[in-house]
Structure formats: structure tokens, C-alpha cells
Number of protein chains: 2
Amino acid sequence: MSGEKKISIAVIRRLPRYFRYLSDLIKLDIKRISSKELSQRMDITASQIRQDLNCFGGFGQQGYGYNVELLYEEVGKILGTDKGFKCIIVGAGNMGNAIANYENFKNRGFEMIGIFDVDPKKIGTVINNIKVLHLDDLDDFVKNHHVDIAILTVPNKHVVGVANKIKELGIKGIWNFTPTDLKLGDEVVVENVHLSDSLMVLGYKLKEKESE
Amino acid sequence: MSGEKKISIAVIRRLPRYFRYLSDLIKLDIKRISSKELSQRMDITASQIRQDLNCFGGFGQQGYGYNVELLYEEVGKILGTDKGFKCIIVGAGNMGNAIANYENFKNRGFEMIGIFDVDPKKIGTVINNIKVLHLDDLDDFVKNHHVDIAILTVPNKHVVGVANKIKELGIKGIWNFTPTDLKLGDEVVVENVHLSDSLMVLGYKLKEKESE
DNA sequence: TAGATTGTTAATCGATTAACAATC
DNA sequence: TAGATTGTTAATCGATTAACAATC
């Protein structure tokens with residue numbers, strides 16, 4: 001079922017950015033846009049925009065450009081914003097809380113349906129209308145609810161154990177906020193956030209800037 | 001002051017990962033490592049490791065490999081872990097809270113010295129030993145404290161205003177947690193986190209996986 | 001139709017990998 | 001010394017950019 005040419009991760013990582021800019025254009029009531037105009041707004045080349053979009057189909061029209069609304073919908077579809085991915089948060093600490101309360105995920109196709117922790121003080125509390133359950137109840141929960149994605153915000157020492165459990169339960173996606181690189185094989189797709197890494201890159205850039 | 005060849009951002013983004021793995025090796029009491037062994041642990045090529053490290057100097061020794069402790073220190077120095085970057089958090093919401101409470105930043109060279117918000121209910125409260133101040137007090141604060149980095153966790157509608165203020169106050173680095181792409185010119189270095197983008201990439205991968 | 005702009009092929013650029021001489 | 005492994009150059013691969021024919 002995969003006769004198509006493989007699309008590079010570099011292209012994929014730009015899609016959410018297109019999605020954002022298109023959403024902004026809709027808010028500005030702009031109906032059509034050329035790759036040239038969009039390239040100026042996004043500070044990338046028009047050529048790259050056309051190449052990127054053409055990986056997925058000819059969404060534009062010669063002499064006209066792209067219909068903003070249509071392109072927005074197409075990019076959304078490519079990213080799966082219509083899939084309604086069901087997510088659970090594992091680890092009800094500060095980061096778990098922040099994510100549970102973040103309002104932007106829902107309209108991008110991600111729904112938070114459960115939060116898990118092991119701290120007795122947290123079990124039973126409610127975060128953004130979701131009751132915190134004990135991690136031991138995760139097995140039962142997964143039997144009764146389809147779960148697409150587990151969001152990992154547990155302390156580092158628990159990561160490997162929890163990740164393996166998630167895999168065993170058949171959850172196929174992990175959004176990993178821990179510093180640990182997970183090695184779970186091909187069955188699970190992992191997207192890492194690695195906040196410290198990001199901050200350290202900023203530190204480097206800053207150091208470079210100052211030595212200019 | 002820049003006769004050296006420019007080091008690509010791809011290399012820089014791998015450095016924190018080297019730093020993490022070296023830290024793990026130290027914990028395991030491993031004293032030396034070859035690029036080959038490290039490549040197996042990190043799942044990248046030995047060639048890439050040697051190329052990356054050689055951008056900054058010959059830290060290894062033929063026939064021996066790399067001294068773990070020394071390499072760890074060198075990579076740390078490159079990233080500026082010894083700089084003690086002074087950071088403020090702008091936006092004391094859930095994400096601001098999570099970051100203020102994150103314990104891993106300090107030992108990577110980042111110190112949180114201030115938190116700012118505009119919500120009267122938050123002003124004066126204390127988060128991880130740091131008192132939340134009103135954003136109007138930021139000017140004064142910057143006069144009295146050197147600030148390297150502003151961490152932006154404000155609601156989206158305030159981003160542009162706050163970012164401009166940060167720039168005017170002479171802060172040179174922004175760690176941007178908002179979805180907005182900042183356009184502040186060359187004076188300020190920006191590192192984006194864009195959590196939604198990351199989650200959407202995971203959604204895409206998941207969708208691809210399922211259609212395999 | 002003429003002008004504009006895409007879709008797509010070709011050229012360029014940069015990053016990764018391979019190979020091996022240098023050397024510990 | 002012989003074996004191991006780096007540092008570094010050369011080859012390959014992939015991603016970005018340029019160019020232009022197709023076509024709206």
C-alpha cells in the first residue's frame with residue numbers, strides 16, 4: 001500500500017507552519033495567495049513552497065495561485081486534523097498540567113481523554129475537566145477507550161518503565177517530554193520535545209552572537 | 001573576530017544530545033569511548049560523530065578514542081553551560097509554571113531570576129522561590145539585573161507587544177513557546193518550541209504508520 | 001489573448017557517509 | 001612495534017533553489 005515516493009521529514013516538519021500561516025490568512029480574510037506572496041510572509045523561497053505542496057498534490061492553479069481556504073483544508077487533512085487523535089497524559093506534574101490546560105490542541109485534532117499519575121495526592125483531582133487516575137488503572141482504561149497517543153511527562157527515572165508499558169498496551173504514538181531517547185522499535189512512533197536541548201541551542205546562539 | 005568556518009545549525013542541534021549521552025556515560029563510570037561505540041549507543045554514524053566534534057577541535061586521540069569526562073566538559077563549554085545565563089519567564093500561566101519548576105535547567109547553565117505577568121491575582125505569588133512581578137516592572141528589573149534570555153509563555157494576542165518590549169530593553173535571547181513566529185531582526189536570537197507543530201508531526205507519523 | 005503563476009525538471013548547494021593516511 | 005581509532009579529505013546522497021514549459 002505504499003507505491004508513493006517517501007516524503008522527507010523536512011517537508012513534514014514545515015507543514016504545521018504552512019497550516020498556521022494559512023489559518024492567519026483566513027483570519028485576514030485573504031482568499032487567494034501565490035507562492036511568491038506566501039514566501040515573503042514565511043521567509044522561505046517560493047520554490048520550496050511549490051515543491052513542498054506538490055509532494056501531496058496540485059493544490060494550486062496556474063496564473064492564479066492557491067485558494068487559501070482549500071489549501072488550509074488540504075494541509076489540515078494531510079496532518080490529520082480531522083482524525084480526532086485520542087491522547088492521554090502520563091504524569092500530572094507541572095508539564096502535564098500545562099498540556100492538559102492548553103486549549104490549542106483540540107482544534108488541531110487532538111483530544112485529551114485521560115491523565116495518569118502515581119502520587120496519591122493527585123489521584124482523583126480534576127485537571128481541565130479530566131479526572132486524574134492511578135497509573136495502575138491505565139490497563140483498564142485502554143481496554144475501554146481507544147488511545148492513539150500517550151504524552152510522557154513523567155520524572156526521568158520512570159520513563160523507560162512507563163514507555164514499555166505504553167507499548168505493551170498497544171498505544172502507537174508517544175509525545176515524549178522527557179530527556180530520555182526512547183528505544184521502542186518500529187511499532188511505536190515517537191516525537192521528542194527535549195526542552196533542555198532547545199534551550200541549550202539558544203544558549204549556543206546567544207554565545208555566538210556575543211562573540212561576533 | 002570570525003575567521004572560523006561557520007558551523008551548521010544541524011551540528012549545533014546535535015550537541016545537546018552528545019552532552020546527554022556523555023553525562024550518562026559518566027554516571028555509568030565509563031572513562032573512554034570510541035566514535036564507534038558512541039555511534040551504536042546514539043544510533044548515528046561514527047563518521048558523523050567525528051565530523052561533528054572536529055568542528056570544534058580534536059578532542060580525541062588516535063588509537064584510543066575520546067576521554068568521556070573531558071569531552072563532556074568540552075561539549076558543555078561549547079554550549080555555554082558555564083555561562084550561567086540569566087533568564088526571566090514572561091507569562092506565569094501553566095507553561096510558565098512548569099518551566100519555573102523544572103529542575104534541569106540550572107545545571108545546564110540557565111538560572112531563572114524573574115517571573116512576570118499582568119494578572120493581579122498572580123502578582124506577588126511565589127513560584128519555586130521566585131516572586132511574580134507585574135510586567136510593568138520589567139523595565140526596572142532589567143535596569144537592576146542582567147537578563148540574557150526571556151522565556152515567552154504569554155497568550156498569543158500579547159506576543160508581539162511583549163516581544164518588542166523585550167527587544168527594546170536589550171534582552172538578546174528569546175525562548176518562544178507561543179505559536180507566533182517572531183520577526184525581530186538580527187539583534188535578538190530566537191529559539192522556538194512550537195509545541196502544536198511537534199504534536200502535529202506526531203499525528204502525521206501516526207497516520208502514515210496506520211496506512212502502511 | 002496576454003500575463004501570471006503553477007507544476008516539474010534540472011542545477012546547485014550542503015550535509016552525511018565512506019575511506020584512509022596520520023598517529024597514538 | 002602492531003592494532004586501534006582519530007582527523008580529514010573525497011564521494012555520495014539528499015534537500016533546496018533556479019529555470020521554464022505548461023496552462024489557467
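Letters A, B, ... mirror the listed sequences (proteins, then strands); counts begin at 1. Everything numeric in this text was worked out from a predicted model, so none of it was measured.
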Whole-Å distance between [N] [atom2] and [X] [atom1]?
X       : N      : atom1 : atom2 : answer
B/Arg50 : C/dT16 : CZ    : C1'   : 13 Å
B/Asn67 : D/dT6  : CG    : C1'   : 14 Å
B/Asn54 : C/dT17 : CG    : P     : 16 Å
A/Gln61 : C/dT5  : CD    : P     : 12 Å
A/Arg32 : C/dT6  : CZ    : P     : 10 Å
B/Ile44 : C/dT17 : CD1   : P     : 9 Å
B/Asp52 : C/dT16 : CG    : P     : 7 Å
B/Glu74 : D/dT6  : CD    : C1'   : 16 Å

### Task
May I ask which nucleotide in the shown strands pairs with C/dT9, Watson-Crick or G-U wobble, both distances under 3.5 Å?
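WC or wobble partner is D/dA18.
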### Query
For C/dA4, which nucleotide is its Watson-Crick or G-U wobble mate, given both distances must be under 3.5 Å?
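Here C/dA4 is engaged in a pair, and the nucleotide opposite it is D/dT23.
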### Message
Whether the side chain of A/Ser8 and the base of D/dA15 hold a donor-acceptor pair under 3.5 Å is what I'd like checked.
### Response
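In this structure, the two groups form no donor-acceptor pair.
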### Query
Should the pair A/Glu191-A/Arg13 be classified as a salt bridge under the 4.0 Å nitrogen-to-oxygen rule?
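Yes.
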### DNA chain D: 5'-proximal contact among B/Ile33 and B/Gln51 (nearest heavy atom)
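Whichever sits nearer the 5' end wins; that is B/Ile33.
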Looking only at the side chain of [X] (C-beta and beyond, no hydrogens), which of the listed nucleotides [options] gets closest?
X       : options               : value
B/Ser47 : C/dA18, D/dG7, D/dA19 : C/dA18
A/Ser34 : C/dT6, D/dC24, D/dT16 : C/dT6
A/Gln48 : D/dT23, D/dT17, D/dG7 : D/dT17

Please determine, by modelled atom types, if [X] and [Y] share a side-chain donor-acceptor pair under 3.5 angstrom.
X        : Y        : value
B/Tyr102 : A/Asn94  : no
A/Ser35  : A/Arg50  : yes
B/His194 : B/Asn176 : no

Contact under 4.0 Å: [X] side-chain N or O vs [N] OP1/OP2:
X       : N      : value
B/Tyr66 : D/dA4  : no
B/Thr45 : C/dT16 : no
B/Arg13 : C/dA15 : no

### Message
Using modelled atom types and a 3.5 Å cut-off, is there a donor and acceptor pairing between side-chain atoms of A/Arg20 and backbone atoms of B/Pro179?
### Response
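Checked: pair present.
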